[in-house]
Number of protein chains: 2
Amino acid sequence: MKWQQQKSLATREKVLRAALVCLERDGFHHLSLVRVASEAEVSKGALTHHFSSKDELITLAMEVLLDEFVQTLRASVDDVHAGRVSLDECLDGIWHFMSGQLYMVTLEIALKARHEAAFKSALTPLVQHFHAQLNDIWIRLFPDLTPERAQVLMNLTMNLLRGMGTQSVFREDPSYFNELLDTWKNILDQQLPRGKDHKY
Amino acid sequence: MKWQQQKSLATREKVLRAALVCLERDGFHHLSLVRVASEAEVSKGALTHHFSSKDELITLAMEVLLDEFVQTLRASVDDVHAGRVSLDECLDGIWHFMSGQLYMVTLEIALKARHEAAFKSALTPLVQHFHAQLNDIWIRLFPDLTPERAQVLMNLTMNLLRGMGTQSVFREDPSYFNELLDTWKNILDQQLPRGKDHKY
DNA sequence: TATAAAAAACCGTCCAGTCTGTTTTTAACA
DNA sequence: TGTTAAAAACAGACTGGACGGTTTTTTATA
């Protein structure tokens, strides 16, 4: 690869990463192009050279974030499948992710999309692809359930964690969330088939 | 009551209501004082006369919203208690609320609070009071459960609905959400004691 | 030298908060 | 009761700053 091309790619990468940091730390309506540029240690000119608008930048950053989440999750589910980690630990991992950067950025983005049609249509295919990937993962997580049942149970789980993530803004009380999570683990366990050879 | 006082109260009420409408329709970072004033059919001068800052306005509007939700919910739970409506219908009512104005405005506010310490501390007592009221309501909803169990189950429920509310931004598919909600109703039902005289 | 990348100056817009002026209501008092 | 002064409610112009996007200039590579 040519040197110029390398440098260009590196700059893009730095800017995207910085955008995620700023989104998570400052929130969308405190995010400005100069801030992102400064976080990326790049001039505003360089930023606008690579990204034609703020919306485009954010959309691409979002894509990076969702991809990383899917990869992490896939690895975790593989571990469950191979018996390396328990289902409970896998859920803990998802909760960790959902109470951290991913979910907050997602929220910022979702609210923006809610009020800006153009942005929303740019983002919708991305989100749909994300959910399709998730659905595949859920099926692999619960091979003993029907695909539909696995998806419903895990969509419940994800939405529960989403809600908990939201509440965690105002309620910084790990024991409260742990209790909820433990209760949910129990309930989820009750929903799994006990035997080996039947589909629930 | 003196006429001036009446007029003053009416203006405040109009502005607060308009603020909620704008928050829900336009989102926080498209909300400006002139927009709220125009929505309320009041001059910007009148608005600033009654509310010393944008943050104060939003905080007070939030208070109105939460109070109304608590009242509605309390009435609904009374209906369940009196056998006028089923638990399922009560949940439907909460879901209706959560997929509407209340929750979206709450989200906007929560994200703002997440990044602005002063705003957050102004809002925290309000939110805590709100949750305390909710906890009382949950106990009354499930008199056959221990208070702790009732609260855990309903906090799970609320967080599930929160998450579903969030997802509804991108996924406008009522049947999907209905399936989730039905599944949850079943699960919740399984968690309730069958007998009459024991605490679970 | 030609071209891509990066930097920085610049412009138009928007908005919260301030300030000044005007109208309406209330209170005091002769 | 009629008059007037004070206070409250309201209206709108203005300001200072932030920001997104554009354009121009400089630098580095091929």
Side-chain angles (χ1 to χ4, degrees), chain A residues 1-19 21-23 25-62 108-109 112-113 115-119 122, chain B residues 1-19 21-23 25-62 108-109 112-113 115-119 122:
Chain A
M1 194 190 298
K2 304 294 169 63
W3 206 354
Q4 227 173 25
Q5 224 173 335
Q6 267 182 25
K7 205 176 173 192
S8 173
L9 270 179
T11 304
R12 286 180 67 93
E13 178 63 26
K14 271 200 294 183
V15 171
L16 285 173
R17 193 62 51 189
V21 170
C22 287
L23 261 182
R25 189 191 53 205
D26 306 331
F28 176 76
H29 73 277
H30 287 138
L31 176 139
S32 75
L33 297 185
V34 283
R35 279 201 195 202
V36 175
S38 125
E39 174 74 29
E41 290 174 321
V42 147
S43 78
K44 192 189 169 192
L47 194 157
T48 59
H49 177 73
H50 287 284
F51 303 94
S52 65
S53 75
K54 194 180 173 182
D55 281 5
E56 181 190 325
L57 169 63
I58 291 178
T59 306
L60 291 171
M62 191 69 189
E108 303 274 356
I109 296 310
K112 178 177 165 63
H115 300 292
E116 293 171 31
F119 186 66
Chain B
M1 193 192 295
K2 302 294 168 67
W3 209 353
Q4 217 171 37
Q5 227 173 332
Q6 267 182 24
K7 208 177 171 187
S8 172
L9 271 179
T11 304
R12 288 179 66 93
E13 178 64 26
K14 272 199 294 184
V15 171
L16 286 173
R17 192 61 53 187
V21 169
C22 288
L23 261 182
R25 190 190 53 205
D26 306 331
F28 177 76
H29 73 276
H30 288 139
L31 176 139
S32 75
L33 297 185
V34 283
R35 280 200 193 203
V36 175
S38 127
E39 174 73 30
E41 291 175 320
V42 147
S43 77
K44 192 188 172 192
L47 194 156
T48 58
H49 176 72
H50 287 285
F51 304 94
S52 65
S53 75
K54 195 180 173 181
D55 281 4
E56 181 189 325
L57 169 63
I58 292 178
T59 307
L60 291 172
M62 191 68 190
E108 303 274 354
I109 296 311
K112 179 177 164 65
H115 300 292
E116 293 171 29
F119 186 65

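Order of the sequence lines sets the chain letters (A, B, ...), proteins ahead of strands, with each chain counted from 1.
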Problem - Euclidean distance, atom CD of residue B/Gln6 to atom P of C/dT25 [Å, nearest integer] - result: 12 Å
Completion exercise
Whole-Å distance, B/Leu9 CG to D/dA8 C1', equals 14 Å
Problem - From OG1 (B/Thr11) to CD (B/Gln6), nearest 0.5 Å - result: 11.5 Å
Handout entry: Worked check of salt bridge (charged side-chain N to carboxylate O under 4.0 Å, His left out) between A/Arg17 and A/Glu13
Key = CA-CA 6 Å; A/Arg17 193 62 51 189; A/Glu13 178 63 26; 3.4 Å; yes
Problem - Pairwise distance CD1(B/Ile58) to CG(B/Leu16) - rounded to 0.5 angstrom - result: 11.0 Å
Completion exercise
To the nearest angstrom, the CG-C1' distance between A/Asp55 and D/dC19 comes to 14 Å
Practice task
Just report the end-to-end axis angle for the helix from C/dT1-D/dA30 to C/dA30-D/dT1, five pairs per end, to 10 degrees.
Solution key: 10°
Taking only N/O atoms, report every protein-nucleotides 13-15 of chain C pair under 3.5 Å with atom names and distance.
none

Fill in the blank from the handout: In whole angstroms, the gap separating P of C/dA5 from NE2 of A/His50 amounts to 6 Å
Problem - Residue-phosphate contact under 4.0 Å: A/Thr11 side-chain N/O, C/dA6 OP1/OP2 - result: yes
Problem - Shortest non-hydrogen separation from B/Leu33 to B/Lys54 and the atoms involved - result: CD2-CG, 3.9 Å
Report all interatomic pairs (protein N or O, nucleotide N or O of nucleotides 11-15 of chain D) with separations under 3.5 Å.
from   : atom 1 : to      : atom 2 : distance (Å)
D/dA11 : OP2    : B/Ser43 : N      : 3.1
D/dA11 : OP2    : B/Ser43 : OG     : 2.7
D/dA11 : O5'    : B/Ser43 : OG     : 3.3

Fill in the blank from the handout: So ring pair (Phe, Tyr, Trp, His ring centres under 6.0 Å) across residues 25-49 of chain A, not counting sequence neighbours, yields A/Phe28-B/His29, A/His29-B/Phe28
Fill in the blank from the handout: For B/Arg35 and B/Asp26 the tightest heavy-atom approach is NH1-OD2, 3.4 Å
Handout entry: d(NZ, B/Lys7; C1', C/dT26) in whole Å
Key = 13 Å
Handout entry: CG-OG1 distance between B/Leu57 and B/Thr48, expressed to the nearest 0.5 angstrom
Key = 11.0 Å
Handout entry: Touch class at under 4.0 angstrom, heavy-atom based, for B/Ser53 against every strand present
Key = sugar-phosphate
Exercise for the section: To the nearest 0.5 Å, tell me how far B/Asp55 CG sits from B/Glu116 CD. Expected result: 6.0 Å
Exercise for the section: Sort and list the pairs that fulfil side-chain hydrogen bond (donor to acceptor under 3.5 Å, both in side chains) and have at least one residue in residues 36-45 of chain A, not counting sequence neighbours. Expected result: A/Arg25-A/Glu39
Handout entry: d(NE2, B/His49; C1', D/dA8) in whole Å
Key = 6 Å
Completion exercise
Contacts of B/His50 meeting side chain to side chain donor-acceptor pair (under 3.5 Å) (sequence neighbours excluded), chain-then-number -> none
Practice task
Determine the contact category for A/Ser52: base if any of its heavy atoms lies under 4.0 Å from a base atom, sugar-phosphate if only primed atoms, P, OP1 or OP2 are that close, otherwise nothing.
Solution key: nothing
Handout entry: For atom CZ of A/Phe51 and atom P of C/dA6, their distance in whole Å
Key = 11 Å
Practice task
Round to a whole Å and report the spacing from CD of B/Glu56 to P of C/dA16.
Solution key: 15 Å
Fill in the blank from the handout: Closest heavy-atom pair, A/Val36 versus A/Val15, reported as atoms and distance to 0.1 Å, is CG1-O, 3.9 Å
